[in-house]
**Student:** 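Below is a structure I'd like to ask you about.
Side-chain atoms are counted along with the backbone in the values below, which use heavy atoms only and exclude waters and symmetry mates.
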Amino acid sequence: MSKVHFDENELMIMAMFEQDTAENTKKKLEEVLPYVADDMAVRLLVEQVISKMENLPDEQFKNLELDLYRPDAPEEEKA
């Protein structure tokens, strides 16, 4: 299985809704969709992340270092 690649915005979305597993994070993102339905850009971004997460193994998910992409992370820690 090939590695799934995420851009910075996708990683930030995942970090905002991170759960204990990739599958649970994907479910949380699916729950968010009705709340972002009116914002086309955000909705498309969330849908894109969900789509990519379909092929994301938990091992890769655990190695993403999403803490670096949280909106409240100090600037010097961000990638």
Side-chain angles (χ1 to χ4, degrees):
M1 181 176 284
S2 64
K3 193 171 186 175
V4 182
H5 296 282
F6 295 93
D7 69 25
E8 190 171 338
N9 289 329
E10 294 167 336
L11 290 166
M12 185 174 64
I13 292 291
M14 288 173 57
M16 290 170 61
F17 298 98
E18 182 181 15
Q19 301 296 304
D20 58 338
T21 66
E23 183 63 29
N24 288 340
T25 300
K26 186 173 72 86
K27 287 177 184 175
K28 183 60 80 174
L29 287 167
E30 289 168 346
E31 292 173 11
V32 167
L33 281 173
Y35 299 101
V36 298
D38 293 338
D39 187 330
M40 181 69 76
V42 174
R43 188 186 91 219
L44 290 175
L45 180 60
V46 172
E47 288 174 347
Q48 183 174 307
V49 172
I50 291 169
S51 176
K52 285 184 174 185
M53 290 188 77
E54 294 289 333
N55 301 310
L56 180 66
D58 267 337
E59 182 179 329
Q60 183 184 346
F61 175 74
K62 290 175 183 171
N63 291 323
L64 287 176
E65 297 183 10
L66 294 176
D67 287 342
L68 299 174
Y69 296 94
R70 293 196 202 298
D72 58 351
E75 276 302 313
E76 63 272 3
E77 289 183 15
K78 290 186 180 179

**Student:** With salt bridge (charged side-chain N to carboxylate O under 4.0 Å, His left out) as the rule and sequence neighbours excluded, what pairs involving residues 33-42 come up?
**Tutor:** none
**Student:** Who passes side-chain contact (heavy atoms from CB on, under 4.5 Å) against Asn24, sequence neighbours left out?
**Tutor:** Gln19, Asp20, Thr21, Lys27
**Student:** If two hydrophobic side chains count as joined below 4.5 Å and joins carry through other members, does Met16 share a cluster with Tyr35?
**Tutor:** no
**Student:** Verify, without hydrogens or angle tests, whether Lys26 (side chain) and Glu54 (backbone) share a donor-acceptor contact under 3.5 angstrom.
**Tutor:** no
**Student:** Kindly compute the distance separating CD (Glu23) from CG (Leu56), expressed to the nearest 0.5 Å.
**Tutor:** 10.5 Å
**Student:** Please report the closest heavy-atom contact between Val49 and Phe6, naming both atoms and the distance.
**Tutor:** O-CE2, 4.4 Å
**Student:** Please enumerate all residues that pass side-chain contact (heavy atoms from CB on, under 4.5 Å) together with Ala15, with sequence neighbours excluded.
**Tutor:** Leu66, Tyr69, Arg70
**Student:** Can you give me the closest heavy-atom contact between Thr25 and Met14, atom names plus distance?
**Tutor:** CG2-O, 4.2 Å
**Student:** Check Asn55 against Val4 and note the closest heavy-atom contact, atom names and distance.
**Tutor:** O-CG2, 3.2 Å
**Student:** Would you say that Glu18 contacts Phe61 through its side chain, given a criterion of any heavy-atom pair below 4.5 Å between the two side chains?
**Tutor:** yes
**Student:** For the atom pair CD1 (Ile13) and CE (Met53), what is the distance rounded to the nearest 0.5 Å?
**Tutor:** 12.0 Å
**Student:** Evaluate the side-chain proximity of Leu33 to Ile50: yes if any heavy-atom separation is below 4.5 Å, no if none is.
**Tutor:** yes
**Student:** Would you mind reporting whether Val46 and Phe17 have side-chain heavy atoms less than 4.5 Å apart?
**Tutor:** no
**Student:** State the CG-CD distance between Leu64 and Glu10, to the nearest 0.5 angstrom.
**Tutor:** 11.0 Å
**Student:** Which residue pairs satisfy the salt bridge (charged side-chain N to carboxylate O under 4.0 Å, His left out) criterion with at least one member in residues 56-66, sequence neighbours excluded?
**Tutor:** none
**Student:** Looking at residues at least two apart in the chain, or sitting in another chain, which of them share a side-chain contact (heavy atoms from CB on, under 4.5 Å) with Leu44?
**Tutor:** Met40, Glu47
